[in-house]
> 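I'd like to ask some things about the structure below.
Values below: all heavy atoms of this structure, side chains included; hydrogens, waters and symmetry mates excluded. Numbers restart at 1 for each chain; the letters A, B, ... are given by sequence-line order, proteins then strands. This one's a predicted model, so the numbers in the text were calculated from it and none came from an experiment.
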Number of protein chains: 2
Amino acid sequence: MNEKTIQIKEIFDPYYSAPIEVWDTFAKRLKTATFNKNEEIKLPNTTEKKLYIINKGSAGIFLWKENHPVCIDLCFENDFFGDYMSLLIQKPTPLYTVCFEETEMFYITYSDLMDLYENSKFGAKIGRIAAESLFIHKQSQQIELLTQTAEQRYKYLLSKQPHIIQRVPLKHIASYLGITAESLSRIRKKIVK
Amino acid sequence: MNEKTIQIKEIFDPYYSAPIEVWDTFAKRLKTATFNKNEEIKLPNTTEKKLYIINKGSAGIFLWKENHPVCIDLCFENDFFGDYMSLLIQKPTPLYTVCFEETEMFYITYSDLMDLYENSKFGAKIGRIAAESLFIHKQSQQIELLTQTAEQRYKYLLSKQPHIIQRVPLKHIASYLGITAESLSRIRKKIVK
DNA sequence: TTCATTACTTACCATAGGTCAATTTTTATA
DNA sequence: TATAAAAATTGACCTATGGTAAGTAATGAA
């Protein structure tokens, strides 16, 4: 049993317990790719062709707002990654994706994914489970933005990802939190005191 | 062919074209319920047992924040409705749901839904499509919160739902936009001028 | 219809966060 | 290692939105 199988099982196990052969079948469809630090994986106004799972490293999903990038997701080991909306609708979106570090990802192409969804029962199921877990994640982000201050959101992010400061530029953490880099700097100063 | 079938077809057709019999099979699983204005459908810290589709009327998904309700979704005709996260994990969440008007909904229970997902190929598929479209909706909400001012978000909401003012109390529109009722009142005053 | 309740608005002041410009620190590269 | 570029911080000032309190309008129940 290889590394991919183990990781796939780990990701889906909380949602759906299946015999290891099932995960192995899925893992066999996954290819591996590595990206350099700051490498752009998908450009704005292009169509996403792959669904990624991060094995080692980190990456972000961005969109351009007037004169600066806004980060809508920060992804780490075992996270799904990519412009999932564009992947689903197979149309260009303004979103683009970038690695923060040298990163290794597993991926499945859109056509392989659709084949999996259509031609195997467990494929259809994990497709649903993936979409559902991504929905829950997005709803959590929305609720945080609606109910927490920037300072609370920052502290919560730190508690979930303690090493994020060493791995992701603060300016991207700031835009992810919905504030400017200057505001995040002031919040950080205030917390240290 | 009944009303439910027509509506189900309308909802899913943009994502997945299927013969009418397929939609009819799904529609047969749907029951109908009506709710009074301001009726609570799911209470906080309970587990969602149904997935709803609004046929006529409107309703909101809320959570309590200190001393006031915060609306995280406003739903109208043809929208999915309910605490989808709680439905998926089958655990209580702090979210609760309320009708804004006298509302008629179609619904499927959790057990019927799981049965559909497990025992029919098209069921598995529409389960995935539903989750995917709800993900896209949530991501759009997150992007709006991160990139638009409250005034821009209000104008956009009005453009999408021109009659929302007559159908949903302003205080709930305000919390949905991430601002207070007072701030929304000022924004509205400014726009009229 | 009346009365009580809830929703909405307005005004005033407070504050979180934004903007701009300058400075320091870190990182990348020749 | 030197230098340039990028990232992060800081300060001064500004603006959108919040908090409170009051008033007005709309709604619902008796």
> Considering just the side-chain nitrogens and oxygens of A/Lys37, establish if one lies under 4.0 Å of OP1 or OP2 belonging to C/dT27.
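No, A/Lys37 has no side-chain N/O under 4.0 Å of OP1/OP2 on C/dT27.
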> In whole angstrom, what separates B/Lys65's NZ from D/dG19's C1'?
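Computing the B/Lys65:NZ to D/dG19:C1' distance gives 13 Å.
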> What is the distance, to the nearest angstrom, from the CD atom on B/Glu101 to the C1' atom on D/dT27?
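Atom CD in B/Glu101 sits about 15 Å away from atom C1' in D/dT27.
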> Between C/dT9, C/dG17, D/dT9, which nucleotide has the shortest distance from any of its atoms to the side chain of A/Arg188?
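Nearest nucleotide to the side chain: D/dT9.
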> What is the distance, rounded to the nearest whole Å, between atom CD1 of A/Ile164 and atom P of D/dA8?
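Roughly 12 Å, once rounded to whole Å.
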> OP1 or OP2 of C/dA11 sitting under 4.0 Å from any side-chain N/O of B/Lys189?
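Indeed, a polar side-chain atom of B/Lys189 lies that close.
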> Round to the nearest Å and state the distance from A/Leu184 atom CG to C/dT19 atom C1'.
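After rounding, the gap between these two atoms is 16 Å.
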> Heavy atoms from C-beta onward define the side chain here; which of D/dG18, D/dT17, C/dG17 lies closest to that of B/Thr180?
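So the side chain of B/Thr180 is nearest to D/dG18.
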> For D/dT17, take OP1 and OP2 only and decide whether either is under 4.0 Å from a side-chain N or O of B/Ser183.
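Checking D/dT17 against B/Ser183, no side-chain N or O comes under 4.0 Å of OP1 or OP2.
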> Hey, what's the ring geometry for A/Trp23 with A/Phe12, parallel, tilted or perpendicular (30° and 60° as the breaks)?
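It falls in the parallel class, under 30°.
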> In whole angstrom, give the distance that lies between atom NE2 of A/His68 and atom C1' of C/dT19.
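Going from A/His68 (NE2) to C/dT19 (C1'), I get 11 Å.
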> Please figure out whether A/Glu182 or A/Thr149 has its closest DNA chain C nucleotide nearer the 5' end.
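In this pair, the answer is A/Thr149.
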> What I want to check is whether the side chains of A/Asp73 and B/Gln139 have a donor and an acceptor closer together than 3.5 Å.
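Absent: no donor and acceptor within the cut-off.
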> Ignoring hydrogens and angles, state whether a donor on the side chain of B/Arg188 or B/Tyr154 is under 3.5 Å from an acceptor on the partner side chain.
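Note: B/Arg188 and B/Tyr154 side chains meet the donor-acceptor criterion.
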> Do the side chain of B/Arg186 and the base of D/dG19 come within less than 3.5 angstrom through a donor-acceptor pair of N or O atoms?
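Check passes, donor-acceptor contact within cut-off.
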> Could you tell me if the ring centre of A/His172 sits under 6.0 Å from that of A/Phe62?
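Aromatic pair counts; centres sit under 6.0 Å.
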> May I have the distance from A/Ile173 (atom CD1) to D/dA7 (atom C1'), rounded to whole angstrom?
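Roughly 12 Å, once rounded to whole Å.
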> Could you tell me how the ring of A/Tyr96 sits relative to the ring of A/Trp64: parallel (under 30°), tilted (30 to 60°) or perpendicular (over 60°)?
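Geometry flag for A/Trp64 against A/Tyr96: tilted rings.
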> If you assign each of A/Ala181 and B/Asn38 to its closest nucleotide in DNA chain D, which residue comes earlier from the 5' end?
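Mapping each residue to its closest nucleotide by heavy atoms, the 5'-most match is A/Ala181.
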> Tell me: CG of A/Leu170 to C1' of C/dT25, nearest whole Å?
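Those two atoms, CG and C1', are 12 Å apart.
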> Report the nucleotide, chosen from C/dT6, C/dT10, D/dA8, that has the shortest atom-to-atom distance to any side-chain atom of B/Lys171.
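Out of C/dT6, C/dT10, D/dA8, the nucleotide with an atom closest to B/Lys171's side chain is C/dT6.
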> Heavy atoms from C-beta onward define the side chain here; which of C/dG17, D/dT10, C/dA28 lies closest to that of A/Ile179?
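Closest of the options to the side chain of A/Ile179: C/dG17.
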> Using whole Å, report how far CG of A/Asn67 lies from C1' of C/dG18.
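In whole Å, C/dG18 C1' and A/Asn67 CG are 12 Å from each other.
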